[in-house]
Amino acid sequence: MSHKSEPLATPVQAGTSDLAARFTREFGGRPDGIWQAPGRVNLIGEHTDYNEGYVLPFAIDRTARVAVAVRPDATVRLLSTYGGQGTVSASLDGLQPRSAKGWTKYPLGAMWALRERGIDVPGIDLLLDSNVPLGAGLSSSHAIECAVITALNELTGAGLQAQEMVLATQQAENDFVGAPTGIMDQSASLRGARGHAVFLDCRDQNASLVPFETEPAGLVLLVIDTKVSHSHADGGYASRRASCELGAEVLGVKALRDVQVGGLEEASGLLDEVTFRRVRHVVTENDRVLQTVELLADRGPSAIGHLLDASHASMRDDFEISCPELDLAVETSRAAGAIGARMTGGGFGGAAIALTPAGEEQKVRNAVAKAFAKAGFAAPDIFTVSPADGAMRIA
Ligand code: ADP
Ligand code: MG
């Protein structure tokens, strides 16, 4: 186990006028505008994306904001209020995949991907101010990319639709940053809407909004960031993907998305024991996403607790991507009053979510903090998120 090297305290975000004033102090001149894009939480549907299945993330009320001014030349100047590198200058003409270091690879990647689409991207000054916690599995990196792409889409008059921006962001991540990510994070950040989750079909990339409002149901959604990342995360991810590919091949389907729950019994006779359990996770998880979508529409969030629980059990026992910290967060919050809880994200560390009656929130927080201390784990970061709007201009 290792603790992440970057500081994890949640950054505090400035108001728009303070951000504009800071921009002027740093760069001179006023920003042309301020745009924001949120981080995301995946409500349910884990490791289903690369099996061409379903996911159900939502945009959260934590955003990356960018104040941007177009420059007359091809220079890009980038600064984050989070500190670290200070102002970084780059030339638009020198942008090469994998050439950028540190956080600037995200805004530069977004700019590069737009240029790859033939869009005439100008030099800019950009001040980033984000309150999406870094590296907590809430996709602080996509929040940056989506804020930048939304700003440039408007400033260049490119007029890209959300889906084109989703694909441009994926290209930025895959080719420029060098991270093999799919479309979930940016779909939530770009297409999310207050009081809704984004139901995404990773096969045809169709997205639709599903009502998901916690407050009227008397619920809060707690994120419990365990602040650990286990060193086998990368290898674990690659081996899970390989098992899924093997399973699909043996079962003669294009992707595990094509296997139904009713087909599992037959599959068990064809697959080795471990591959079968990996397959069973993906197949049942896809089914849980569909059930969640239906229940949210028919009965609201109070009805989905058992599906969150079943998702966690499946990741713990069948897909084996949980860890003691995540299991403890889930078990403790359930015992203290949460109506459903699961790890969220790729696994081997990161965060859990706990859907909790508002009246039990403090009890759950206390119980989890106490259980972590007793187990000798580092204190987790616990906070609430609510389903919020996707990327937009705010000033
Ligand atoms: P996640 O996207 O799950 O938060 P990543 O490792 O993909 O985790 O992205 C985190 C990275 O994003 C950080 O290491 C940093 O480079 C960048 N980042 C996120 N927020 C900020 C910020 N406010 N200022 C500077 N860099 C940031
Ligand atoms: Mg990321």
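Positions are given from 1 along the sequence. In listed order, ligands and their atoms are each counted from 1. Since this is a predicted model, take the numbers as computed values, not measurements.
Using a 4.5 Å cut-off on side-chain heavy atoms (C-beta onward), V68 and E154 make no contact. The shortest side-chain heavy-atom distance between T169 and L190 falls under the 4.5 Å cut-off.
Listed by chain and number, the residues in a salt bridge (charged side-chain N to carboxylate O under 4.0 Å, His left out) with E273 are R277 (sequence neighbours excluded).
Of the options G102, A179, G135, the smallest heavy-atom separation from atom 8 (O) of ligand 1 is shown by G135.
Counting the atoms of ligand 1 from 1 in the order shown, those under 4.0 Å from a heavy atom of S80 are 22 (C), 23 (N), 24 (N), 25 (C). For ligand 1, the atoms sitting less than 4.0 Å from at least one non-hydrogen atom of I144 are 18 (N), 19 (C), 20 (N), 21 (C), 27 (C), numbered in the order shown with element in parentheses. Which parts of ligand 1 touch S130 is read off a 4.0 Å heavy-atom cut-off, strictly below it: atoms 23 (N).
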Please table the atom pairs, donor to acceptor, closer than 3.5 Å between any side-chain atom in residues 307-314 and protein atoms at least two apart or in another chain.
| from | atom 1 | to | atom 2 | distance (Å) |
| --- | --- | --- | --- | --- |
| D309 | OD1 | R334 | NE | 3.0 |
| D309 | OD1 | A341 | N | 3.0 |
| D309 | OD2 | R334 | NE | 2.8 |
| D309 | OD2 | R334 | NH2 | 2.9 |
| S311 | OG | E285 | OE1 | 3.0 |
| S311 | OG | E285 | OE2 | 3.0 |
| S311 | OG | R342 | NE | 3.0 |
| H312 | ND1 | M343 | N | 3.0 |
| H312 | NE2 | D327 | OD1 | 2.8 |
| S314 | OG | H281 | ND1 | 2.7 |
| S314 | OG | R288 | NH2 | 3.1 |

Output side-chain donor-acceptor pairs under 3.5 Å for residues 243-254, partner residues at least two apart or in another chain, one line each.
| from | atom 1 | to | atom 2 | distance (Å) |
| --- | --- | --- | --- | --- |
| S243 | OG | S239 | O | 3.2 |
| K254 | NZ | E52 | OE1 | 2.9 |
| K254 | NZ | E52 | OE2 | 2.9 |

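For the atom pair CD of Q186 and OG of S141, the computed distance is 9.5 Å after rounding to the nearest 0.5 Å.
Proximity of a side-chain donor or acceptor of T48 to a complementary backbone N or O of Y54 within less than 3.5 Å is detected.
Between the side chains of R191 and Q163, a donor-acceptor pair is found at a separation under 3.5 Å. Residues H230 and E325 have side chains that bring a donor and an acceptor to within less than 3.5 angstrom of each other.
Of all the heavy atoms of V132, none lies under 4.0 Å from any atom of ligand 1, so neither backbone nor side chain is involved. Of the heavy atoms in Y82, only side-chain atoms (C-beta onward) come closer than 4.0 Å to ligand 1.
Below 3.5 Å of separation, one finds no N or O of H142 facing any N or O of ligand 1. An N or O contact shorter than 3.5 Å links S140 to ligand 1 by distance.
Atom CD of E266 is surrounded by 12 or fewer heavy atoms from other residues, nucleotides or ligands within 6.0 Å.
If you look at the Mg ion (ligand 2), the protein N, O or S atoms less than 2.8 Å from it are S141 OG.
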